[in-house]
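Right, one structure below, let's go through it.
These figures come from a predicted structure and were not determined experimentally.
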Protein chains: 2
Amino acid sequence: MSDTREAVLAAARSRAQAHGYTGLNFRDLAEEVGIKGASIHYHFPSKAALGAAVAKRYREDSAAGLEKMWSKSQDPAAVLKRYPGIFRKALEDGNRMCMCGQMAAEYDDLPDEVKVEVKGFADDHMAFLAKVLTAAKPDTSAAATRQRARAIYAAVTGAQLLARSRADLKAYDETIEAYRVMGLFTP
Amino acid sequence: MSDTREAVLAAARSRAQAHGYTGLNFRDLAEEVGIKGASIHYHFPSKAALGAAVAKRYREDSAAGLEKMWSKSQDPAAVLKRYPGIFRKALEDGNRMCMCGQMAAEYDDLPDEVKVEVKGFADDHMAFLAKVLTAAKPDTSAAATRQRARAIYAAVTGAQLLARSRADLKAYDETIEAYRVMGLFTP
DNA sequence: ACCTGAACACCGTTCAAGT
DNA sequence: ACCTGAACACCGTTCAAGT
């Protein structure tokens with residue numbers, strides 16, 4: 001892994017969170033890194049390959065973050081309560097979105113190799129939530145747990161999308177609070 | 001209003017639902033309508049103007065649809081129950097998104113005149129939901145009602161975004177069902 | 001009134017060629 | 001191994017000209 005490759009990946013990740021896959025462009029990315037647009041091609045054969053690499057890395061980092069949170073606390077209720085904070089961070093940091101939420105919106109325009117990672121990101125999150133929910137309530141049916149995990153993931157994504165179009169962190173917090181009151185995050 | 005202008009508007013609407021504002025381009029649109037790209041400028045001075053016109057029309061049609069549903073039924077519980085079906089329709093019709101949800105994801109790249117309509121669409125929907133909720137429970141505080149309306153809108157949007165990236169209507173239905181069970185649609 | 005062809009300036013993508 | 005120049009395709013836009 002060269003430094004240049006890593007620098008491109010980092011720049012692309014930041015840009016993809018704000019502008020999606022479509023908003024990724026070699027020339028701006030290169031300028032940020034200090035090379036020419038064409039040079040990115042040496043590290044990533046195509047835009048699709050770059051997009052897939054960025055999404056894959058994002059997915060991996062996210063999964064690692066979730067596991068770290070879980071292994072540290074082992075407290076399902078606490079983890080579920082903290083979960084929406086992960087998505088809040090992107091909004092705090094320049095009104096960005098979760099990259100895979102952003103890319104889900106442009107799903108039909110994504111190369112297949114990127115689609116796989118975007119879908120995988122959601123799968124990872126829902127599987128993680130299901131695991132935590134099961135730890136809290138082992139007797140709940142797998143189907144009901146899956147359904148709850150999906151509801152949590154969709155709600156948090158929707159709240160982020162809504163808050164973003166108003167550049168309003170408070171809107172995010174209040175929406176999450178409404179879900180909390182309804183017991184969405186309570187196993 | 002000429003037929004051509006209407007045809008461009010219709011083509012642009014369909015395309016924007018699938019590909020967003022960025023995915024709109026004059027040449028493809030023109031081809032669909034049977035004219036040349038340059039000719040669209042006779043009807044819409046710029047891409048921003050076209051985008052704003054499309055979003056505005058979409059917003060107006062949507063608001064009219066909500067009001068029609070309400071005036072026909074006057075039953076808050078029934079209307080709330082039917083609300084998620086509106087967003088389901090877009091998925092049914094070629095795995096499309098609600099246009100303004102789609103555009104919310106690319107919000108930072110939108111011209112101001114388009115932003116106004118995207119934000120207005122969400123405002124319309126939340127105001128409508130608040131109205132219906134108030135009709136059912138007049139004694140609930142305005143703040144609590146607003147919060148619930150926001151939660152409903154965000155949840156439905158999130159469910160749509162999730163279902164879309166799997167081209168899976170059942171995922172949408174099951175997510176909505178999870179919210180229903182939690183009482184999200186029950187005033 | 002409505003549409004077109006040609007041109008413009010710009011930008012992302014690609015690839016043969018450079019070091 | 002790593003990078004670039006230059007060509008290419010495509011974009012929104014303009015405008016004189018056509019019907």
Side-chain angles (χ1 to χ4, degrees), chain A residues 1-55 99 102-103 105-106 108-115, chain B residues 1-56 99 102-103 105-115 117-118:
Chain A
M1 290 295 167
S2 74
D3 284 354
T4 303
R5 190 192 145 92
E6 285 302 311
V8 171
L9 227 35
R13 179 208 203 105
S14 167
R15 203 177 160 82
Q17 279 189 259
H19 307 286
Y21 176 78
T22 314
L24 238 43
N25 82 76
F26 281 31
R27 202 171 269 166
D28 288 353
L29 241 35
E31 194 176 1
E32 199 175 327
V33 171
I35 54 176
K36 296 295 173 186
S39 307
I40 294 181
H41 238 85
Y42 174 73
H43 302 281
F44 304 96
S46 65
K47 184 178 175 179
L50 171 61
V54 168
M99 196 187 75
Q102 176 74 256
M103 285 185 171
E106 50 185 352
D108 284 1
D109 297 322
L110 255 32
D112 286 343
E113 54 205 297
V114 182
K115 278 182 178 161
Chain B
M1 293 295 169
S2 73
D3 283 354
T4 303
R5 189 192 146 93
E6 286 302 311
V8 170
L9 228 36
R13 179 209 203 105
S14 168
R15 205 179 158 80
Q17 278 188 258
H19 308 285
Y21 177 77
T22 313
L24 241 41
N25 84 76
F26 282 34
R27 283 178 176 88
D28 288 353
L29 240 36
E31 193 175 3
E32 198 176 327
V33 172
I35 55 175
K36 296 296 171 185
S39 307
I40 293 181
H41 283 279
Y42 175 73
H43 302 281
F44 303 97
S46 65
K47 184 177 175 179
L50 171 61
V54 168
K56 184 170 186 281
M99 195 186 76
Q102 175 75 255
M103 285 185 172
E106 51 186 350
Y107 201 73
D108 285 0
D109 297 322
L110 256 30
D112 286 342
E113 54 207 296
V114 181
K115 279 183 177 160
E117 301 301 332
V118 171

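Spacing between atom CG of B/Leu50 and atom C1' of D/dC11 amounts to 14 Å, rounded to whole angstrom units. Taking atom NE2 on B/His41 and atom C1' on D/dT13, their separation rounds to 5 Å, with Å as the unit. B/Tyr42 places its OH atom 18 Å from the C1' atom of C/dG5, with the value rounded to the nearest Å. B/Glu31 has its CD atom 14 Å from the P atom of D/dG12, to the nearest Å. For B/Asp28 and D/dA9, the CG to P distance is 17 Å, given to the nearest whole Å. Atom NE2 of A/His19 and atom C1' of C/dG12 are 16 Å apart (whole Å). Remark: C1' of D/dA9 and CZ of A/Phe26 are 15 Å apart, rounded to the nearest angstrom. Rounded to whole Å, atom P of D/dT14 lies 14 Å from atom CD1 of B/Ile40.
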Write out a two-atom table: protein N or O, nucleotide N or O from nucleotides 6-8 of chain C, distance below 3.5 Å.
none

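Atoms NE2 and CG, from A/His41 and A/Leu50 in turn, are 10.0 Å apart once rounded to the nearest 0.5 Å. For the atom pair CG (B/Asp109) and OG1 (A/Thr22), the distance works out to 9.0 Å, reported to the nearest 0.5 Å.
Within the 4.5 Å cutoff, side-chain heavy atoms of B/Val118 are placed close to those of B/Val114. Using a 4.5 Å heavy-atom threshold, the side chains of B/Val54 and B/Glu117 count as separate. Two residues are said to be in side-chain contact when any heavy atoms from C-beta on lie closer than 4.5 Å; B/Asp3 and B/Glu6 fail this criterion.
When both distances must be under 3.5 Å, the Watson-Crick or G-U wobble mate of C/dC3 does not exist. When both pairing distances are held under 3.5 Å, D/dC11 makes no Watson-Crick or G-U pair with any nucleotide shown. Pair check for D/dA17 finds none; no Watson-Crick or G-U wobble contact set falls under 3.5 Å.
Distances shorter than 4.0 Å separate some side-chain N or O of A/Ser39 from OP1 or OP2 on D/dT4. At least one side-chain nitrogen or oxygen of B/His43 sits closer than 4.0 Å to the OP1 or OP2 atom of C/dC3. The side chain of A/Lys36 places no N or O atom within less than 4.0 Å of a non-bridging phosphate oxygen (OP1 or OP2) of D/dC3. Dashed line: the shortest gap from a side-chain N or O of A/Thr4 to OP1 or OP2 of D/dC3 is under 4.0 Å.
If you check every strand for non-hydrogen atoms under 4.0 Å, B/Leu24 touches sugar and phosphate atoms only.
Taking every side-chain heavy atom of B/Ile35 into account, C/dT4 is the closest of C/dT13, C/dT4, D/dG12.
Nearest heavy-atom pair across A/Tyr21 and A/Gly51 is CE1-CA, 3.9 Å.
Annotation: cation-pi pair A/Lys47/A/Phe26 absent, no NZ/CZ under 6.0 Å from the ring centroid and within 45° of its normal.
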